[in-house]
Amino acid sequence: MELAIQTKGLTKIYGSGNTEVVAMKDASMDVAVGEVIALLGPSGSGKSTFLTAVGLINPPTSGQVMIGGQLVLDGAVAKTRLRTFRRKHIGFVFQKSNLIPFLSAVENVMVLLELDGYTSRAARKRAMELLDYLGVADRASNLPSMLSGGQQQRVAVARAIANHPNVILADEPTAALDSHRGRQVMELFAKVAHEQGAGVIVVTHDHRALDIFDRIYEMEDGHMTEQQDAGVIAGS
Amino acid sequence: MNLAAKDIRHNPGRFALTAIGVGMLLMIVMGMGGIYRGIIDDAVLLIDSVDADLWIVQRDTRGPMAEVSRVPRNLVHRALAVPGVESSREFVHHTIQRERNDQPLRIAVLGLSWPTDKGEWIPLVAGRPIAQNHYEMIADKSLGLALGEQLPLGKDIYTVVGLTQNMIGTGGDGVAFFTVADAQAVQFDTPGEAIRLEREARVARGAESETGTLQPLLLERAALPGSELPPLGPPQISAVVVKVLPGADVHEVAETISAWGDVSVFTHKQQQDLVLRGPVEKARKQIGLFRVLLTVIAAIIMALILYTLTLDKIQSIALLKLIGAPNRVILGMILQQAMLLGVFGYGIAWLLGQRLFPLFPRRVIITNQDLVQLAFAVAVISLLASLLGIWKAMQVTPNQALD
Ligand SMILES: Nc1ncnc2c1ncn2[C@@H]1O[C@H](COP(=O)(O)OP(=O)(O)OP(=O)(O)O)[C@@H](O)[C@H]1O
Ligand SMILES: [Mg+2]
């Protein structure tokens, strides 16, 4: 089985001494190519910490992150140029403030494509296609401040999948969406995962859409466990 | 896509206001440079206008532009007798301050050797040169006098017959041309009471002197006007200006004259240097220093502006880093904004300056060379000013996008 993401013993300790917080302890996860993973857990359990570690923006204190079979983070030590790696291989959707406030919706998607070598014209074309696909094409020229939370989130999703990443990381991407739209976004992730062979990890509280996921992990007090029987949770 | 432009488009009002602020600051820097040039230009303007090859002044003084210089009137004829001299003229120069409409009126008075010099060489913007030995004057526009206006000075009333523009004395006061006789009448205007007192004093001094005791009749003559008393020479003039014959060696003529014990001689160039290193030196330095300070202040203010502009974009910069934008994209955005601010500021400075500088009390001369120099300075300032913002942007971690 080809692995899109593999983490080994990820541990994150914030602060030191009296103020030390162990946000994540020995978290390991394998995500195969084309697999969509749900990450559940109560608030403060370390989900975002895990996701940002895998996303190479908040390196762990110890443990390893491998993406596409390549070791990219060994503890806090970068094994490659993380920023370039992110641009080429990782798509992000976060809980909030995903968009650049001075760029319109379509420009927010274009900026990533242009960074990746698209001409302005080609970038606009693809960005418009994606916005259309996500049902926000009519707001393409609006600034983020003029979009609803759900619309902003969909623009962020468009950007996250724009340059065919190997890994998509989404932190409660559907929190601002109604359940129908939320489900659509989850299905979109699944589609991208299956069609493009990307590994997808989605942090979610929305138990209604869990049937879409291939596997489910759960975090509690920084500890990661895999839910063996996804069906039980999905059905509950 | 140009991120710098997009950001500005997002908040054009703020950028415009900032650019206007920077522009005004740069206008003052520009103006300071112009005033600096103006002072230098004004200082040598009179010397250049007089256009003499040699200046003969009181021995060991630095000439009438720099200090009080007195030479006898007949020096004109002595100078004319020197081989190689084509012409020699009286030069009378002093500054007066009078009241006009309750406003102080400072005039740099310049005497013209009537009848050889009627002021034909003076570039007039209106009116005519002087046509009679008395009661006419040519005034600079900066004095605020109108053509045909009558100005009482001393015991006489003078009519403005001609107007000049930008004829400024070393001290920045407008120049007025009179005949030498009138210039001296203005300078040595003595009230009647003072004359009576002086005559009394002469009698008293005479009575105490040996000549007065031996020849009492002599004392009767003491009450005569000064011009009728041979021991009292005519009023002295400030200097004599000399033109040498074409082909004659200026330095040779200067050497001959400087051998005389009572005078010093300066060439045109020396006279210019004396003024520049003398009376205007401190003003020049002060303004030069002020200009440097203003430039530094402009740089600091621009740095702070660019820093705050960057602070406002921390979130966006973090997000750009998060999605993998290389540093050059982020640096480019800040640098381009700095440059745009510089360019707009410079343009606004230039436009404002065009309108405002003519209203300044002293002449503001903006040369093309200064404009180019300032453009370079602004480019460097913009670059340096963006460093603080760039430094801040480099500190931003992609993680901050999630805060
Ligand atoms: N920068 C930080 N400094 C110190 N402690 C932190 C920091 N970031 C997170 N933590 C702590 O780490 C723990 C895990 O936080 P994390 O944000 O990963 O939780 P989460 O599961 O994403 O919660 P939520 O569902 O509310 O988003 C929490 O106890 C949190 O207080
Ligand atoms: Mg979280």
Side-chain angles (χ1 to χ4, degrees), chain A residues 12 14 48-49 51-53 55-59 80-104 106-121 123-124 127 141 143-146 156 159-160 162-163 165 169 171-172, chain B residues 1-19 305-338 340-341 386 389-390 392-403:
Chain A
K12 179 74 183 183
Y14 287 111
S48 296
T49 304
L51 217 60
T52 52
L56 314 178
I57 56 180
N58 185 19
T80 180
R81 297 180 61 183
L82 297 185
R83 211 186 293 182
T84 315
F85 197 91
R86 283 199 297 271
R87 183 174 80 231
K88 293 200 175 304
H89 302 293
I90 306 179
F92 293 96
V93 184
F94 285 99
Q95 278 169 294
K96 58 182 169 82
S97 48
N98 273 298
L99 303 178
I100 295 171
F102 57 82
L103 297 182
S104 67
V106 67
E107 286 164 351
N108 260 288
V109 182
M110 282 168 69
V111 71
L112 179 78
L113 292 167
E114 286 187 15
L115 286 175
D116 224 29
Y118 278 64
T119 63
S120 177
R121 230 192 139 111
R124 181 171 292 274
S141 55
L143 290 173
S145 58
M146 292 145 84
R159 186 184 59 203
N163 62 344
L169 304 172
D171 199 342
E172 297 186 46
Chain B
M1 137 177 30
N2 186 306
L3 292 172
K6 298 279 177 192
D7 181 40
I8 290 169
R9 181 200 61 181
H10 179 51
N11 206 338
R14 184 180 62 180
F15 183 80
L17 273 181
T18 312
I305 289 171
L306 290 165
Y307 183 69
T308 31
L309 285 180
T310 307
L311 282 189
D312 282 351
K313 283 196 289 288
I314 292 290
Q315 171 83 25
S316 305
I317 290 168
L319 204 53
L320 281 169
K321 287 189 175 185
L322 189 138
I323 63 171
N327 279 341
R328 86 184 132 72
V329 170
I330 294 158
L331 293 195
M333 173 171 72
I334 296 171
L335 257 181
Q336 282 169 32
Q337 286 195 341
L340 276 175
L341 203 57
S386 56
I390 286 174
K392 185 69 197 173
M394 290 301 100
Q395 310 287 305
V396 173
T397 62
N399 224 357
Q400 279 169 267
L402 310 179
D403 292 344

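Side chains included, hydrogens not; waters and symmetry mates left out as well; all remaining heavy atoms used. Letters A, B, ... mirror the listed sequences (proteins, then strands); counts begin at 1.
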CG on Asn108(A) to CD1 on Ile323(B), rounded to 0.5 Å: 7.5 Å

Non-hydrogen side-chain atoms of Val111(A) and Val329(B) separated by less than 4.5 Å: no

Arg81(A) atom CZ: more than 12 heavy-atom contacts under 6.0 Å: no

Interface moiety of Asn11(B) toward chain A, non-hydrogen atoms closer than 4.5 Å: neither

Proximal component of Ser120(A), with respect to chain B [non-hydrogen, under 4.5 Å]: neither

Distance in Å, Asp7(B) CG paired with Ile100(A) CD1, rounded so as to fall on 0.5 Å steps: 10.0 Å

Note: Glu114(A)-Lys6(B) ion pair, threshold 4.0 Å (strictly below): no

Selection from Leu103(A), Thr84(A), Thr52(A) maximising heavy-atom pairs under 4.5 Å formed with chain B: Leu103(A)

Smallest separation among heavy atoms of Leu3(B) and Phe102(A), with atom names: O-CE1, 3.7 Å

Sidechain-backbone polar pair: Arg86(A) side chain, Gly324(B) backbone, donor-acceptor under 3.5 Å: no

Ala325(B) backbone acceptor or donor facing Arg87(A) side chain under 3.5 Å: no

Residue part contacting chain B, namely of Leu143(A), when any heavy atom lies under 4.5 Å: side chain

Arg124(A) CZ: over 12 foreign heavy atoms closer than 6.0 Å: no

Contact check, side chains of Asp171(A) and Leu402(B), non-hydrogen atoms, under 4.5 Å: no

Interatomic spacing from CE in Met1(B) to CG in Leu113(A) - rounded to 0.5 Å: 8.5 Å

